[in-house]
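Notes for the one structure printed next.
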There are 2 protein chains.
Amino acid sequence: MTKNRYRRDELLEIAIDLFASRGYVGTSIRDIAKAIDRSVSNVYHYFENKEELWLAILEYSVQGLPEKLRTVAHGEGEPMERFKNLLKLHLEESTRHQRETKIFFIDEERLSPKGKLINKRIQKEILDIYVEQLRLLQSHNLVRTKHLKILAFNVLATINWFLRWYDPEGDMSKEEIYDEIIDFVLHGMCKK
Amino acid sequence: MTKNRYRRDELLEIAIDLFASRGYVGTSIRDIAKAIDRSVSNVYHYFENKEELWLAILEYSVQGLPEKLRTVAHGEGEPMERFKNLLKLHLEESTRHQRETKIFFIDEERLSPKGKLINKRIQKEILDIYVEQLRLLQSHNLVRTKHLKILAFNVLATINWFLRWYDPEGDMSKEEIYDEIIDFVLHGMCKK
DNA sequence: ATAAAAATAGAACAGACGTTCTATAATTTT
DNA sequence: AAAATTATAGAACGTCTGTTCTATTTTTAT
């Protein structure tokens, strides 16, 4: 059985590429089939329908993110150190799955109720991780604001927006950029 | 002549609503016509085609933003004070045109070359304003980083992401949220 | 009041869409 | 070797798409 899971994953790869560059609605099953030089029915052989294909991509990549983040957040070390690790891992994972993560934020309104729910759930899970960690830092008197949720949104803003402008071909290394971003999140733009 | 510019703007309003909630590709001309209870041809009477409608929305709202931002940035007062004003105005304008600004960031890949160009130009104009202001602040030794462009991206991240989570029905006032965001941009999340 | 212009509707078109159906080739299991 | 399963293709479906065409009503200008 399931020998040719390989063929399925090829399909998935192409779909990720197309969805990431043209969006969910902007990519047709025919586009995907043509891009990999197979028939439309072949796509339907591996995936029940378009939305299941979309969800398979999420499962393939973004689905596991909250768990990974939680592991680091609940790991060892000082709270602030752990928070930095959390940011770092989040940035690394976002870069590693850049295309998929981009997909995750595009066209979410066009999904079926089921798809929307999954999307929202993952986003909520991630937000909660950050709020929880910020609350911990707050209890150590390390955080400036009272509105933790807004703060969490702002932190996530920086991480997620990064995907929109990051260009792997650019002349700065990933590590350099991560450090810049983490520094911004922690201390903002102003000197001292 | 042009007596019923009013009818055109009604159409524009509906289109903004639909585009903002369902995206460019996800909204058909028929959707728009149906939503305002007119015929499809009526839409075409006011707008040459779908993309021109899209561009009309940009013109109607986002187009003027760079100029407004520039005016404040080049205004009076200390550099840091002016920068805060810049952030404040940018947040205000984004809120005022929340739907349109959202449209501006959705589906940009699906536009024609012409549309893409306009989109990119406006985004570049705004980025340049920030880079310029940050350079000024840097020359006054008020900014911590050397990579101004990344810093500018991070600042814009916070502002633009705000549109994704801001809910006018929420229990915090706009002013409160603006202040939180500006504080985050300036000083980050850490105490001192 | 009449002519010109603007606003509207409705039908039609050709193409793209997601999906399904039927049939055949390739592979795996027995 | 035969049977069963999996992988593939191709045609067809009904629906939706952006757009155009023709015709009619309404408004404006003369």
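Computed over heavy atoms, backbone and side chain alike; hydrogens, waters and symmetry mates excluded. Just so we're clear, the structure is a prediction, and the values are computed from it rather than from any experiment.
Atom pair B:Ile32:CD1 and D:dT17:C1' shows a separation of 12 Å (rounding to whole Å applied). Regarding B:Arg30, its CZ atom lies at a distance of 16 Å from the P atom of C:dC17, rounded to whole Å. In this structure, A:Glu48 atom CD and C:dG18 atom C1' are separated by 13 Å, rounded to whole Å. Following rounding to the nearest Å, A:Arg7 (CZ) and C:dA26 (P) show an atom-to-atom distance of 13 Å. What separates CG of A:Asp37 from C1' of D:dA9 is a distance of 12 Å, to the nearest Å. With rounding to whole Å, B:Leu53 atom CG is found 14 Å from D:dT19 atom C1'. Rounded to an integer number of Å, the gap from A:Asn42 CG to D:dA9 P is 6 Å. Residue A:Tyr24 contributes atom OH, which lies 12 Å from atom C1' of C:dC17 at whole-angstrom precision.
For B:Tyr130 and B:His90, the ring centers sit closer than 6.0 Å to each other. When ring centroids are compared, A:Phe105 and B:Trp161 come within the 6.0 Å threshold.
When each of A:Tyr46 and B:Ile29 is assigned the nucleotide of DNA chain D with its nearest heavy atom, A:Tyr46 is the one assigned upstream, toward the 5' end. Where B:Val40 and A:Gly26 each meet DNA chain C at their nearest nucleotide, the meeting point lying more 5' is that of B:Val40.
With D:dT17, D:dA9, C:dG18 as the candidates, the nucleotide lying closest to the side chain of A:Arg38 is D:dA9. Here D:dT8 is the nucleotide among D:dT8, C:dG18, D:dG18 with the atom lying nearest to any side-chain atom of A:His45. Proximity note for A:Tyr44 (side chain, C-beta onward) versus C:dG18, D:dT19, C:dT8: the nearest is C:dG18. Across C:dT19, D:dG10, C:dC17, the shortest atom-to-atom separation from the side chain of A:Ser41 is found for D:dG10. Distances were taken from every side-chain heavy atom of A:Asn49 (C-beta onward) to each of C:dT19, D:dT19, D:dA9; the shortest belongs to C:dT19.
A cation-pi arrangement is found for A:Lys50 relative to A:Tyr24, the charged atom lying closer than 6.0 Å to the ring centre and inside a 45° cone about the ring normal.
A close approach under 4.0 Å does not occur between any side-chain nitrogen or oxygen of A:Arg8 and OP1 or OP2 of D:dA7.
Interatomic distance, A:Leu53 CG to A:Ile16 CD1, rounded to the nearest 0.5 Å: 9.0 Å.
Of the options A:Lys120, A:Arg70, A:Lys68, a salt bridge (Lys or Arg N to Asp or Glu O under 4.0 Å) to A:Glu125 is made by A:Arg70 and by none of the others.
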